[in-house]
Chemist: 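Below is a structure I'd like to ask you about.
Residues take their numbers from the sequence shown, with the count starting at 1. Side-chain atoms are counted along with the backbone in the values below, which use heavy atoms only and exclude waters and symmetry mates.
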Amino acid sequence: MAGNSQRRNRRTSNKKGATVGSGGQRRRGLEGKGPTPPASMRKGHKKNRVAAAQARRTESRRPAPRRGGPKGTNELVVGRNSVVEALREGVPANTLYVQQFLDNDERVREALQLATEKGLNLMEAPRPELDRMTNGLNHQGLVLSVPPYDYAHPEDLTAIAADNAEAPLIVALDGITDPRNLGAVVRSVSAFGGHGVVVPERRAAGMTASAWKTSAGTAARTPVARATNMTRMLEAYQKEGLMVVGLAADGDVELHELEALEGPVVIVVGSEGKGLSRLVGETCDFRVRIPMPGGAESLNAGVAAGVVLYEAARRRA
C-alpha cells in the first residue's frame with residue numbers, strides 16, 4: 001500500500017501546468033501594443049532603410065562648424081558715443097573697460113546700464129592702461145572689447161539651404177572694402193530670405209563692429225563665410241549645381257531677363273571702384289546689369305545687392 005501511495009504522489013507531482021499565478025503576464029500579453037508605427041520607422045522595412053540612408057547623406061555633407069579660418073584679435077570700440085551705439089545695436093562684445101575716477105555723464109551711465117543688462121564683464125582701469133590699449137586714441141574713458149567674428153565656411157551656406165529644402169541664394173562680395181557695405185548686404189540677405197554672404201579672407205571688409213551695426217542686428221542670424229580663394233570657391237559652388245551671376249554695368253543680360261535667379265544661385269558683387277576682378281568675372285556663368293533709366297553710372301554695392309535679392313525673392317515667391 002505504501003508503494004502505491006508513493007506512485008500516486010509521483011504522478012500527481014508530475015502534472016504539467018503552473019502551480020502559482022502568472023503575475024498578470026498572460027493578461028498583459030493580450031493587450032494591444034498601440035498604433036502601428038509608420039513604415040519609415042519600422043526596422044527592416046524598405047522605407048526605413050531609405051530614410052536612414054538619406055539621414056546619413058545629410059550628415060555627411062554637413063560640414064564641421066568654425067572652419068572659416070584662424071581667429072583674429074579682439075576689436076576695440078573707443079569713445080563714449082561709439083561704445084553706446086555699439087551696445088544699443090547689440091554688437092557681441094564681451095568686456096567694457098571704464099576709466100578709474102571717470103566723471104559720470106548720461107552716455108557713461110547708459111553704457112554701464114546696457115553692459116550690465118547684457119551680462120558683459122565690467123573692468124575698471126587707470127587712464128594710462130586704456131591709453132596703452134588704444135594706442136593713444138581719444139577713448140574718453142570707455143573702451144569696448146569685441147571678440148573676433150566666428151566666420152562660417154562657404155559649404156555651410158549650401159548645407160543650410162539643403163536643410164531647409166530650399167534652392168541656395170548666396171551673395172559673394174568680390175573685394176568690398178567698406179564694412180558698412182558688408183553690413184548693408186547682410187541686412188538685405190536676411191530681409192529677402194538668402195542663406196548667407198561670402199567674403200574673401202584677404203583685402204576685403206570683415207565683420208567688424210561697424211559692419212555689425214550697419215546690419216541692424218541681422219548678422220546674428222545671417223551667416224558670413226570666408227573664402228581663401230574666391231575663384232575656387234565659386235567653381236566649387238558651380239560643381240554643386242549653383243549658377244554664378246556677376247553684377248556688371250556692361251553685363252550681357254538685363255536683370256529682368258535672368259531666369260537663373262529662380263534656382264540655386266550665387267550673386268557676385270564687385271568692389272566699389274573696380275567692379276568684378278578679372279578671374280571672378282571670367283568664372284561667372286552670367287554677367288547681369290541693372291537697368292537704370294535715371295542715367296546713373298552705377299549703384300552702391302549694398303543697394304545693387306538689395307535690388308537683385310528682391311528680384312530673386314519675387315521670382316521664388
Chemist: For E106, enumerate each residue passing the side-chain hydrogen bond (donor to acceptor under 3.5 Å, both in side chains) test, keeping only those at least two apart in sequence or located in another chain.
Modeler: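 Counting only residues at least two positions away or on another chain, E106 forms no side-chain hydrogen bond (donor to acceptor under 3.5 Å, both in side chains).
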
Chemist: Measuring only between side-chain heavy atoms, which start at C-beta, is D156 closer than 4.5 Å to P223?
Modeler: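 Sidechains of P223 and D156: no contact.
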
Chemist: Residues two or more places apart in sequence or in another chain: which of them pass side-chain hydrogen bond (donor to acceptor under 3.5 Å, both in side chains) with N94?
Modeler: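 With neighbours one apart ignored, the set is S145.
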
Chemist: Under 3.5 Å, which donor-acceptor pairs do the side chains of residues 306-317 form with other protein atoms, sequence neighbours left out?
Modeler:
from : atom 1 : to   : atom 2 : distance (Å)
E311 : OE1    : R314 : NE     : 3.2
E311 : OE2    : R314 : NH2    : 2.7
E311 : OE2    : R315 : NE     : 2.9
R315 : NH1    : L258 : O      : 3.3
R315 : NH1    : E262 : OE2    : 3.2
R315 : NH2    : H256 : O      : 2.6
R316 : NE     : L261 : O      : 3.0
R316 : NH1    : A167 : O      : 2.8
R316 : NH2    : P168 : O      : 3.4
R316 : NH2    : L261 : O      : 3.4
R316 : NH2    : G263 : O      : 2.4

Chemist: Check E282 with R278, please: is the shortest side-chain N to carboxylate O separation under 4.0 Å?
Modeler: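 Result for this pair is yes, salt bridge flagged.
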
Chemist: Residues two or more places apart in sequence or in another chain: which of them pass side-chain hydrogen bond (donor to acceptor under 3.5 Å, both in side chains) with R107?
Modeler: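 With sequence neighbours excluded, R107 shows a side-chain hydrogen bond (donor to acceptor under 3.5 Å, both in side chains) to N81, D105, given in chain and number order.
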
Chemist: Heavy-atom distance under 4.5 Å between the side chains of T214 and L182, does that happen here?
Modeler: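 No, their side chains stay 4.5 Å or more apart.
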
Chemist: Flag the pair V266 / V245 as yes when at least one side-chain heavy-atom distance between them is below 4.5 Å, and no otherwise.
Modeler: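 No, every pair of side-chain atoms sits at 4.5 Å or beyond.
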
Chemist: Do Y151 and V224 have side-chain heavy atoms sitting under 4.5 Å apart?
Modeler: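 Counting from C-beta outward, Y151 and V224 do come under 4.5 Å.
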
Chemist: Name all residues meeting the side-chain hydrogen bond (donor to acceptor under 3.5 Å, both in side chains) criterion together with E89; count only those two or more places apart in sequence or in a different chain, and write none if there are none.
Modeler: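 For E89 there are no side-chain hydrogen bond (donor to acceptor under 3.5 Å, both in side chains) partners, ignoring immediate neighbours.
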
Chemist: For a 4.5 angstrom cut-off between non-hydrogen side-chain atoms, does V198 reach Y237?
Modeler: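 With C-beta onward as the side chain, the pair touches.
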
Chemist: Which of these, V91, V77, V78, sits in a side-chain contact (heavy atoms from CB on, under 4.5 Å) with V83?
Modeler: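 Result: among V91, V77, V78, V77 is the only option passing the side-chain contact (heavy atoms from CB on, under 4.5 Å) with V83.
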
Chemist: Would you say R289 has more than 12 foreign heavy atoms packed within less than 6.0 Å of its CZ?
Modeler: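 Counting neighbours around CZ of R289, more than 12 heavy atoms of other residues, nucleotides or ligands fall under 6.0 Å, so yes.
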
Chemist: Determine whether a donor-acceptor pair (N or O, by modelled atom type, separation under 3.5 Å) exists between the side chain of H195 and the backbone of L169.
Modeler: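 Here the side-chain-to-backbone pair exists.
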
Chemist: Do any side-chain atoms of residues 202-211 form donor-acceptor pairs under 3.5 angstrom with protein atoms, and if so which ones, sequence neighbours left out?
Modeler:
from : atom 1 : to   : atom 2 : distance (Å)
T208 : OG1    : S210 : N      : 3.4
T208 : OG1    : A211 : N      : 3.4

Chemist: Are any non-hydrogen side-chain atoms of N181 and V269 less than 4.5 angstrom apart?
Modeler: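 No, every pair of side-chain atoms sits at 4.5 Å or beyond.
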
Chemist: Given side chains that start at C-beta, do those of Q113 and E110 come closer than 4.5 Å, heavy atoms only?
Modeler: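 Not in contact.
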
Chemist: Going through the distances and angles, do R287 and L276 end up as a side-chain contact (heavy atoms from CB on, under 4.5 Å)?
Modeler: CA-CA 10 Å; R287 288 166 53 91; L276 298 174; 4.1 Å; yes

